[in-house]
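Below is one structure, written out as structure tokens, with a few remarks after it.
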Protein chains: 2
Amino acid sequence: MKNNFRSGCPIASTLDIIGDKWSLLVLRDMLLHHKMTFKEFSSSEEQIAPSILSARLKLLTSYRLITRQKQENNKKENIYLLTEKAIDLSSILIDISMWGDKYLREFNQIDNIDGLKSDRSLIIKTIKERYKSMLQNVAIC
Amino acid sequence: MKNNFRSGCPIASTLDIIGDKWSLLVLRDMLLHHKMTFKEFSSSEEQIAPSILSARLKLLTSYRLITRQKQENNKKENIYLLTEKAIDLSSILIDISMWGDKYLREFNQIDNIDGLKSDRSLIIKTIKERYKSMLQNVAIC
DNA sequence: TTTATTACTATCAATTCGATAGTAATACTT
DNA sequence: AAGTATTACTATCGAATTGATAGTAATAAA
């Protein structure tokens, strides 16, 4: 992992890691849809190319936003899981979702997301809790 | 402006507009540092190339996140100002900043931002108010 | 034991990035 | 009024990245 941060600005530095069109979508799939495998990420509506997905997973792993493990009963599938620091991106993902929901309808037909209607901090709390409780049920080795 | 949104997902759609390494930095300069001109954006620490800056300003204008105007007494300088919908990205920018501040110190030397220490919603409120009050003092024609 | 699936890597054309130079219009200086 | 400087770009072009597709090795399922 080469250190090519553009500056010491925390915003610029964060964008140096997740500031692209795909990283946050992979994190969305993990956090909101509990996806865990290469196959599942590949099957998303947005159709990420395998070479790009592979590169993103490596990058996110190198910055310890995700881990790569295997389940005891399956030596083929890699299981990607979010670390605490990635789970802490929940608020950003939710805000991005809410902003798009509110402001982009004049440019694109935006899906109506049910869970987006209630209170922001409750949504974020629920999402984090759900992800963490899902983690309990994944038997990794 | 070609409609190439990847899906109806509000997160994906938002990233289709501001999901790159530069757009949010320009918005940061406008919102947090009250920068308004091509020259000022060019002079940022991260050194955006003029061709990229020009493209980003056009894109952000086309999605009405910013406006381009001139001041009465200066026919040379273009004054770029944020619209309400871009000002509403404040919370995302602040969260990104706080996340980087908290989690990236092991990978990069992150600047200490004074204003980041107090309460999140107060910070966001203050930033929005400051920007809007600055707008009052810009005499555009 | 054959077939299917998974998680990739390889390839390569197409697009985008980014450094630098150049230009037209306006403003400033003398 | 003339020359210089500044501003906001555009143009260029090599480098880097993206993205579509094909291929492969390991494991799992039939």
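Residue numbers start from 1 in every chain, and the chains themselves are labelled A, B, ... in the order their sequence lines are given, proteins ahead of strands.
For residues 111-135 of chain B, the ring-ring contact (aromatic ring centres under 6.0 Å, His included) pairs, not counting sequence neighbours, are B/His34-B/Tyr131. Sequence neighbours left out, the pairs with a member in residues 31-46 of chain A that pass salt bridge (charged side-chain N to carboxylate O under 4.0 Å, His left out) are A/Arg28-A/Glu46.
Listed pair A/Arg6 / C/dG18 fails the phosphate criterion, with no side-chain N or O lying under 4.0 Å from OP1 or OP2. Between A/Asn74 and D/dT27 there is no side-chain polar atom (N or O) within less than 4.0 angstrom of OP1 or OP2. Dashed line: the shortest gap from a side-chain N or O of B/Arg56 to OP1 or OP2 of C/dC17 is under 4.0 Å. Between A/Trp22 and the phosphate of D/dT18, there is no side-chain N or O to OP1/OP2 separation shorter than 4.0 Å.
A 4.5 Å side-chain heavy-atom check between A/Leu82 and A/Leu65 finds every atom pair outside the cut-off.
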Contact pattern, 5' to 3', of nucleotides 4-10 of chain D - B, S or - by protein heavy atom under 4.0 Å: --BSSBB
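Taking atom CG of A/Leu53 as the reference point, atom C1' of D/dT18 lies 14 Å away to the nearest angstrom. With rounding to whole Å, B/Glu46 atom CD is found 13 Å from C/dA19 atom P. C/dT26 atom C1' lies 9 Å from atom NZ of B/Lys70, rounded to whole Å. One interatomic measurement links the two molecules: CD1 of B/Ile52 to C1' of C/dT16, which rounds to 8 Å at whole-angstrom precision. Atom P of nucleotide D/dT18 and atom CG of A/Leu25 are separated by 14 Å, given to the nearest angstrom.
Legend: residues meeting side-chain contact (heavy atoms from CB on, under 4.5 Å) with A/Ile17, ordered by chain and number and at least two apart, are A/Phe5, A/Tyr63, B/Leu104. Under the side-chain contact (heavy atoms from CB on, under 4.5 Å) criterion, A/Asp88 pairs with A/Lys128, B/Trp99, B/Lys102, B/Tyr103, not counting sequence neighbours. By the side-chain contact (heavy atoms from CB on, under 4.5 Å) test, B/Gln109 is found to be paired with no residue, residues two or more places apart in sequence or in another chain being considered.
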